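Keep in mind that this is a model prediction, so the values were computed, not measured. All values below were derived from every heavy atom in this structure, side-chain atoms included, with hydrogens, water molecules and symmetry-related copies excluded. Reminder, nothing fancy here: chain letters follow the sequence lines and each chain counts from 1.
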Number of protein chains: 2
Amino acid sequence: MPKVNVSKRVTISDVAREAGVAQMTVSRVVNGGNYVSAGVQKRVREAIEKLGYQPNEAARILKGQKARIIGLIVPTLADAFFSACANSVQDVAARHDYMTLIQTSSSRAEVETSEIDMMVSRNVAGLILIPMEQKASPRLAEVQASGVPIVTLDRVIKGLNANEVLVENVQGAEDAVRHLIWHGHKKIACLGYDTELLPIQERIEGYTHAMKEAGLQTYVWKVESSKAIAPLLQRKLQGPQPPTALFTLNNVTTIQTLHTLQALGIRLPKDLAMVGFDDIDLASLLTVPITVVRQSAHELGRTGAKLLFDMIRASASPKDAPKTRLVLPTELVLRNSCGCKTPITELAPKSH
Amino acid sequence: MPKVNVSKRVTISDVAREAGVAQMTVSRVVNGGNYVSAGVQKRVREAIEKLGYQPNEAARILKGQKARIIGLIVPTLADAFFSACANSVQDVAARHDYMTLIQTSSSRAEVETSEIDMMVSRNVAGLILIPMEQKASPRLAEVQASGVPIVTLDRVIKGLNANEVLVENVQGAEDAVRHLIWHGHKKIACLGYDTELLPIQERIEGYTHAMKEAGLQTYVWKVESSKAIAPLLQRKLQGPQPPTALFTLNNVTTIQTLHTLQALGIRLPKDLAMVGFDDIDLASLLTVPITVVRQSAHELGRTGAKLLFDMIRASASPKDAPKTRLVLPTELVLRNSCGCKTPITELAPKSH
DNA sequence: TTGAAAGCGCTAACAC
DNA sequence: GTGTTAGCGCTTTCAA
């Protein structure tokens, strides 16, 4: 266990004195021990051990090194999807012996921008974003050009040469909608907000494609925010010719819809069939277990972080790697809200 | 060879030159502007604005200042309770213009210890923990003595003079159990793991007190981990004289229990009544809406972070504040698993 | 292979 | 009020 003396921290010169060498030699040993004879190296290591020396990161950074810290910006940690993602990123970072500086953008692009600046000014070794900003600011391009690797998760930033980890949104949405069509539904609506974001757009695209492919008319219900879901549903479902099935575009929409349906006394799946994008906790314990397109937040975070550390390692060597885009699969989890009679056999919550 | 500084950052001396003053004057302005004439101050601020100067934190830290960063250690971010808490802490920190260094201890005390060391070695201005370690190591006492404010959430560290934000666990558990007793139950069991942790112990204490007060025998079922819940329940509930009611000691236990009951075909509340500690997402949408003791993760994080920033501010001035312990209230949320006929009227998820 | 010297950008302490 | 000086602990550069 590394001991740190809080009161007066051991510095490199303490170690140098102890080992009877120059600071520079200690520095060389600490940084890999190149061009240091075995004997001296041993002596220095013993001194380091004896004194409990830990390099001062502030001094290193001041000399232009990168911090052993990565930055992570997510829209919020109050959403289970993003926090599961953050958990995995943090986990991978810890395995690489890096710490994680977390900020939440509160889904606001301008907040995100200033947070990126703060992180860069702290010399983070890399940046992982679930970006709200859709297009690259000159500032961000500059950050990247200055050698800070950037990975975006779930979404992309246009005009930025960052690596990306995305999800099979089109395919997943198609699977969901085709399944509803297979159940015999003709009038299937699609509901969501944040429709300017790539994943939502892709899900709408998947919905639209599956509907057109079946020769069906599309009904894309876009709302401003999650708060507008209940009023819209109430109006649409109690109006003339309501749809017989609904495809909800993310977890929050699914949950809001469930609450609204309950309040309206609309029963799943007989009054309305439903499939949602994003699995939700306890989905199998609900009055009507919800059929969903599952995407793994854990995988998203883990994959993104691993990618980032590959980049951090690579940025030490001069060769430029091409832009990488990883796309993770989705899985249609059949439960009962779609109309399936599938018995629910999930004994325990899915493991993260 | 000239230095290849890709992003030539603006330093204090650039600003000084621009404003026609000494570096020290710029430093004074940046740090509050004491002893600087209004005119000079204005000129310096304009130069800062014009050049886009941002102080280099590494240099500040090297000079012995604290970083504008707080450290936060939680057991995991994959649990909604802890991530909601982390979200609030981060939010308060951002309002104070601090960043948040997050680590997860994976519920392991020794991991936590080394994470604290890493954070301290980065000169964090303060530390917020949901600690796994129950008693103060000499190391931690030393950290605190060196002037790093520490706040623990949800739990305490014995022998440490840290400030604490706790929850009315005893009272909450008593409310829950008394309610079950009020419903006429005599044999009420209490189930959970992590029984060495303060909040769980307090909940057991509340359970025990309420039972004894009613002249009832207690049945405390302690298991090693959440994985042991299903086997134990199966054995106990299908054995002779099963209890008629169950009090689950935290959210994970509640959820595991629900899954197990479903698999066992045991119906709430007629086969078994149940109240859980911790509200769970979607509780009102479950087959049987679950009655719970609600505690606010949001409040816990927010209160803890505010307390920490009070301490950070106070530590600038020399007067010592006494140890503070804040205890947040809980609320018994009546739904149906306890046997109540309460109609569920929650239209939307509770706001965080 | 080793060491000495020169700062990185900032601020405490002391001049003026 | 304002400026000058002297490092904080480390690594880059260059000399030995």
Atom-to-atom span, CD1 of A/Ile12 to P of C/dA4 - whole angstrom: 14 Å

Under 4.0 Å between a side-chain nitrogen and a carboxylate oxygen: does that hold for B/Asp310 and B/Lys306? no

Atom pair distance, as rounded to whole Å: CG in B/Asn123 and C1' in C/dC10: 14 Å

Interatomic distance where CG belongs to B/Asn31 and P belongs to C/dA13 [whole Å]: 14 Å

Going by the salt bridge (Lys or Arg N to Asp or Glu O under 4.0 Å) test, which pairs reach into residues 51-74 of chain B, not counting sequence neighbours? A/Arg122-B/Glu57

Within 6.0 Å of CD in A/Glu196, more than 12 heavy atoms from elsewhere: yes

Under 4.0 Å from any atom of DNA chain D, heavy atoms only: list the residues of residues 51-65 of chain B that qualify, in numerical order. B/Leu62, B/Lys63

For A/Tyr35 and D/dC14, give me the distance from atom OH to atom C1', rounded to whole Å. 15 Å

Rounded to whole Å, please give me the gap between CZ in B/Arg9 and C1' in C/dC10. 12 Å

Once salt bridge (Lys or Arg N to Asp or Glu O under 4.0 Å) is applied, what residue pairs with a partner in residues 18-37 of chain B remain, sequence neighbours excluded? B/Glu18-B/Lys50

Report each atom pair, protein N/O against N/O of nucleotides 3-5 of chain D, whose distance is under 3.5 angstrom.
residue: D/dG3; atom: OP2; partner: B/Ala22; partner atom: N; Å: 3.1
residue: D/dG3; atom: OP2; partner: B/Thr25; partner atom: OG1; Å: 2.6
residue: D/dG3; atom: N7; partner: B/Arg28; partner atom: NH1; Å: 3.4
residue: D/dG3; atom: O6; partner: B/Arg28; partner atom: NH2; Å: 2.4

Between A/Ile150 and A/Leu129, the two heavy atoms sitting closest are CG2-CD1, 4.4 Å

Under the side-chain hydrogen bond (donor to acceptor under 3.5 Å, both in side chains) rule, collect the residues that match up with B/Arg302, sequence neighbours excluded. B/Glu299

Would the number of heavy atoms belonging to other residues, nucleotides or ligands and lying under 6.0 Å from CZ of B/Arg108 be above 12? no

Provide, to the nearest angstrom, the distance between the CZ atom belonging to B/Arg17 and the P atom belonging to D/dT2. 20 Å

Are more than 12 heavy atoms from other residues, nucleotides or ligands located less than 6.0 Å from atom NZ of B/Lys323? yes

No-hydrogen, no-angle side-chain donor-acceptor test under 3.5 Å, B/Thr76 and A/Asn87: yes

Atom pair distance, as rounded to whole Å: CG in A/Asp14 and P in D/dC10: 9 Å

Residues A/Glu46 and A/Lys42 bridged, charged N to O under 4.0 Å: yes

A/Val10 and A/Tyr53: which non-hydrogen atoms are nearest, and at how many Å? O-CD1, 3.4 Å

Hey, is the side chain of B/Ser37 poking within less than 4.0 Å of OP1 or OP2 on D/dT2, counting only N and O atoms? yes

Tell me the bend of the helix from C/dT1-D/dA16 to C/dC16-D/dG1 as the angle between end helix axes, each from five pairs, rounded to the nearest 10 degrees. 40°

Looking at B/Ser27, I'd like to know whether one of its side-chain N or O atoms comes within less than 4.0 Å of OP1 or OP2 on C/dT11. yes

